[in-house]
Amino acid sequence: MKRAPEITVPRGELLERLRAQVARAEARIRPCPFPVPPPLTGLLPDGGLKAGAAYSLEVGGALLLALLAGPSQEGHWCGVVGMPEFGAEAAGSAGVSLERLALVPDPGDQWLASTAALAEAVPVIAVRPTGRVRESDAVRLMSRLRDRGGVLLVHGPWPRAEARLSLGDVRWAGVGDGYGHLSRREVTVTVVTRSRPVPRSVRLVLPTPEGLLAAAVPAPVEQAARLRAVG
């Protein structure tokens, strides 16, 4: 009886196959992060919003819309709880798909129950809690989000948040000597994460005249001043 011929695989090719198998297995176990605008990727350890994590935003507004836009454009449903002033038109301009947006404007004291119910089907949820959040409630909600691979964007403090995002040094442009219209706003976004306690910051235009988020480009005068300072 003839033996089947042995097939030898070069060591390098075998290692590459094993790496590919491990990567595929890890991808099934650990979902890819939800995307964020490119200027923010360097501020977050995972380069995006990690599934099963909560992110605390000092303010909502344009920053919140920018964080919702990435997942929405990728085809994910988004939910917004406890923000009656949330503007659908502004959200659409920022890139949020209104066809995949669920709103619970004023749940009152039932904000936690509403958020937990949405988490059963909606992977990206923004919420503004009413009052102080008990850690036990936060733990139960986050356990549900981890089971379903969802992410929570909180307007306000949140126990054990993956990261805290804040705005500072706000500057508006567009108004001349007593006339004109505000056309853009520059801000500094600062992020502090659990794994990177040292703050990281980036200068952004938020929003641009189109309602989006973009990296700020120093004005010619600022550039010249920096060159003089360096030289």
Side-chain angles (χ1 to χ4, degrees), residues 30-72 76 78-83 85-86 90-91 94-96 111-112 115-116 118-119 122-146 148-171 185-207 212-216:
R30 184 180 57 194
C32 294
F34 293 96
V36 297
L40 295 177
T41 56
L43 301 183
L44 299 171
D46 298 281
L49 303 173
K50 186 172 71 173
Y55 295 81
S56 173
L57 282 65
E58 185 181 79
V59 297
L63 179 59
L64 176 61
L65 295 181
L67 294 175
L68 290 173
S72 180
H76 298 289
C78 298
V80 179
V81 180
M83 301 182 193
E85 76 286 358
F86 186 88
V96 178
W111 68 269
L112 183 62
T115 304
L118 272 181
V122 177
V124 181
I125 302 175
V127 61
R128 182 168 61 197
T130 56
R132 181 175 174 273
V133 181
R134 294 185 300 182
E135 185 161 350
S136 58
D137 291 335
V139 168
R140 284 194 294 270
L141 179 58
M142 296 315 301
S143 176
R144 179 170 298 190
L145 283 169
R146 281 192 296 272
R148 290 155 181 77
V151 67
L152 192 67
L153 303 173
V154 185
H155 183 183
W158 188 262
R160 303 183 186 181
E162 183 72 21
R164 300 191 306 275
L165 292 81
S166 59
L167 299 184
D169 193 14
V170 180
R171 298 181 187 178
R185 180 184 69 161
E186 285 194 12
V187 300
T188 297
V189 176
T190 301
V191 177
V192 177
T193 68
R194 296 176 66 181
S195 59
R196 296 175 181 173
V198 178
R200 294 190 174 199
S201 300
V202 64
R203 192 71 178 163
L204 300 174
V205 179
L206 181 68
L212 305 176
L213 177 152

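In this structure, V205 and R185 have side chains that are not in contact, with every pair of non-hydrogen atoms separated by 4.5 Å or more. Side chains of V151 and P123 form no contact here, defined as non-hydrogen atoms less than 4.5 Å apart. No side-chain heavy atom of L67 sits under 4.5 Å from any side-chain heavy atom of V124. The side-chain heavy atoms of S143 and R140, taken from C-beta on, include no pair separated by under 4.5 Å. Considering only heavy atoms from C-beta on, V154 comes within 4.5 Å of P129 through its side chain. When side chains are defined from C-beta on, L44 counts as touching L49, because their heavy atoms get closer than 4.5 Å.
Scanning both residues, M83 and V127, for their nearest heavy atoms gives CE-C, 3.7 Å. Residues R144 and A116 share a closest heavy-atom pair of NH1-O, 3.2 Å. When all heavy atoms of L68 and P71 are compared, the pair lying nearest together is O-CD, 3.4 Å. In terms of heavy-atom proximity, A51 sits nearest to G149 at CB-O, 3.5 Å. The two atoms that bring L65 and A94 nearest to each other are CB-CB, 3.8 Å, heavy atoms only.
The side chain to side chain contact (heavy atoms under 4.5 Å, CB included) test applied to A69 returns Q73, V96, not counting sequence neighbours. For the side chain to side chain contact (heavy atoms under 4.5 Å, CB included) test, residues two or more places apart in sequence or in another chain that qualify with T190 are S166, T188, P199, S201. Looking at residues two or more places apart in sequence or on another chain, you find a side-chain hydrogen bond (donor to acceptor under 3.5 Å, both in side chains) between R148 and E120. Partners of R160 according to the salt bridge (charged side-chain N to carboxylate O under 4.0 Å, His left out) rule, which considers only residues two or more places apart in sequence or in another chain, are E135. With sequence neighbours excluded, the residues satisfying side-chain hydrogen bond (donor to acceptor under 3.5 Å, both in side chains) with R128 are E85. Residues passing the side chain to side chain contact (heavy atoms under 4.5 Å, CB included) test with L118 are V81, A102, V104, V122, I125, sequence neighbours excluded. Residues satisfying the salt bridge (charged side-chain N to carboxylate O under 4.0 Å, His left out) test with R203, not counting sequence neighbours, are D169, E186.
A distance of 5.5 Å separates CG in L213 from CG in L40, rounded to the nearest 0.5 Å. To the nearest 0.5 angstrom, L153 atom CG is 11.5 Å from W158 atom CH2. Annotation: the span from L204 atom CG to L63 atom CG amounts to 8.5 Å, rounded to 0.5 Å. Put simply, CG on D137 and CZ on R132 are 10.0 Å apart, with the number rounded to the nearest 0.5 Å.
S56 contributes a side-chain N or O that, together with a main-chain N or O of G156, makes up a donor-acceptor pair within less than 3.5 Å. Judged by distance alone, with hydrogens and angles left aside, the side-chain atoms of R200 form a donor-acceptor pair with the main-chain N or O of G42 at under 3.5 Å. Between the side chain of T115 and the main chain of W111, a donor-acceptor pair closer than 3.5 Å is present.
Applying the ring pair (Phe, Tyr, Trp, His ring centres under 6.0 Å) definition to pairs two or more places apart or across chains, those involving residues 33-56 are F34-H76. For residues 56-68, no residue pair satisfies the salt bridge (Lys or Arg N to Asp or Glu O under 4.0 Å) rule, not counting sequence neighbours. Counting only residues at least two apart or in different chains, side-chain hydrogen bond (donor to acceptor under 3.5 Å, both in side chains) contacts with residues 39-54 comprise K50-E162.
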Using a 3.5 Å cut-off and no angle test, enumerate the donor-acceptor pairs between side-chain atoms of residues 191-198 and protein atoms at least two apart in sequence or in another chain.
{"from": "T193", "atom 1": "OG1", "to": "R196", "atom 2": "N", "distance (Å)": "2.8"}
{"from": "T193", "atom 1": "OG1", "to": "R196", "atom 2": "O", "distance (Å)": "3.4"}

